[in-house]
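The block underneath contains the structure these notes are about, expressed in structure tokens.
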Amino acid sequence: DCKACDKAKITDATTIRNFAKTLVKAIDMKAYGEPLLEHFATHNPAAGGYSLVQLIETSDITAHFVDLNGDAYFDIFSCKAFDTAIAEKVVREWFSPQSIRKMYFERQA
């Protein structure tokens, strides 16, 4: 969960698509197709913004960006292990959040 990101970046579709591609490579995943990106919920200023889905071979990466306040929410779900510090670094470099609250869950299926 990211608070107060750079609004110019979280409201730019090209930036978000390029971020997704960079993140996939940085955490050593393999993308399945191009990132899916939609801007919606503009009728609700508290929720309106871009949502991202990037399928990866081992599951998916999703994100939602809130236009109003610059907040952003990222989820990386993968059966393959990845370095969370690298993922956080990429998010910081691309969106410059004022703060990040990171949660990591290891699942045992």
Side-chain angles (χ1 to χ4, degrees):
D1 298 348
C2 297
K3 185 163 185 61
C5 296
D6 182 327
K7 286 186 184 181
K9 293 178 180 179
I10 66 141
T11 58
D12 182 71
T14 300
T15 297
I16 296 170
R17 278 190 190 93
N18 289 335
F19 155 77
K21 292 175 182 184
T22 299
L23 178 62
V24 166
K25 288 178 185 174
I27 61 173
D28 194 33
M29 296 294 168
K30 187 169 180 183
Y32 182 81
E34 291 294 310
L36 305 173
L37 189 65
E38 289 291 331
H39 189 269
F40 65 99
T42 54
H43 65 283
N44 180 357
Y50 279 104
S51 282
L52 164 76
V53 176
Q54 175 62 68
L55 300 176
I56 55 178
E57 277 191 349
T58 54
S59 203
D60 62 56
I61 297 168
T62 62
H64 184 69
F65 304 87
V66 183
D67 292 346
L68 182 67
N69 59 15
D71 291 352
Y73 304 91
F74 300 89
D75 291 303
I76 303 171
F77 183 82
S78 176
C79 299
K80 178 182 174 186
F82 63 94
D83 189 330
T84 61
I86 291 173
E88 181 177 346
K89 181 179 182 240
V90 172
V91 168
R92 285 188 189 280
E93 289 173 354
W94 279 83
F95 299 110
S96 307
Q98 286 182 4
S99 64
I100 292 180
R101 182 179 67 170
K102 182 169 72 171
M103 295 167 277
Y104 177 73
F105 301 98
E106 223 174 285
R107 293 191 166 93
Q108 301 287 327

- Item | Sequence neighbours excluded - side-chain hydrogen bond (donor to acceptor under 3.5 Å, both in side chains) pairs with any residue from residues 45-57 | S51-H64

- Point-to-point distance, once rounded to the nearest 0.5 Å, from CG of N18 to CG of L23: 12.5 Å

- side chain to side chain contact (heavy atoms under 4.5 Å, CB included) involving A72 - partner list, sequence neighbours excluded: C2, C5, F65, F74

- Item | Other ILVMFWY residues reachable from M103 by side-chain steps of under 4.5 Å | F105

- Task: Drop me the distance from H39's NE2 to L52's CG, to the nearest 0.5 angstrom.
- Result: 13.5 Å

- Query: Above 12 or not: heavy atoms from other molecules or residues under 6.0 Å from CD of E38?
  - Reply: no

- Contacts of type salt bridge (Lys or Arg N to Asp or Glu O under 4.0 Å), residue K25, not counting sequence neighbours: none

- Query: Should V91 and F19 count as side-chain neighbours, where that means a heavy-atom distance under 4.5 Å?
  - Reply: yes

Let me check something: any side-chain donor-acceptor pairs from residues 80-88 under 3.5 Å, sequence neighbours excluded? List them with distances.
{"residue": "K80", "atom": "NZ", "partner": "D28", "partner atom": "O", "Å": "2.4"}
{"residue": "K80", "atom": "NZ", "partner": "D28", "partner atom": "OD2", "Å": "3.2"}
{"residue": "D83", "atom": "OD1", "partner": "A85", "partner atom": "N", "Å": "2.9"}
{"residue": "D83", "atom": "OD1", "partner": "I86", "partner atom": "N", "Å": "3.4"}
{"residue": "E88", "atom": "OE1", "partner": "K102", "partner atom": "NZ", "Å": "3.2"}
{"residue": "E88", "atom": "OE2", "partner": "R92", "partner atom": "NE", "Å": "3.1"}
{"residue": "E88", "atom": "OE2", "partner": "R92", "partner atom": "NH2", "Å": "2.8"}

- By side chain to side chain donor-acceptor pair (under 3.5 Å), which residues pair with E34, not counting sequence neighbours? K21

- Item | All pairs passing salt bridge (Lys or Arg N to Asp or Glu O under 4.0 Å) where residues 5-14 contributes a residue, at least two apart | none

- Message: According to side chain to side chain donor-acceptor pair (under 3.5 Å), who are the partners of N69, at least two apart in sequence or on a separate chain?
- Response: D71

- Note on the structure: Besides Y73, the hydrophobic cluster formed by Ile, Leu, Val, Met, Phe, Trp and Tyr side chains linked at under 4.5 Å, directly or via other members, contains V66, L68

- Contacts of S78 that satisfy side chain to side chain donor-acceptor pair (under 3.5 Å) - sequence neighbours left out: T58

- Any residue meeting side chain to side chain donor-acceptor pair (under 3.5 Å) with T62, in chain and number order, not counting sequence neighbours: none

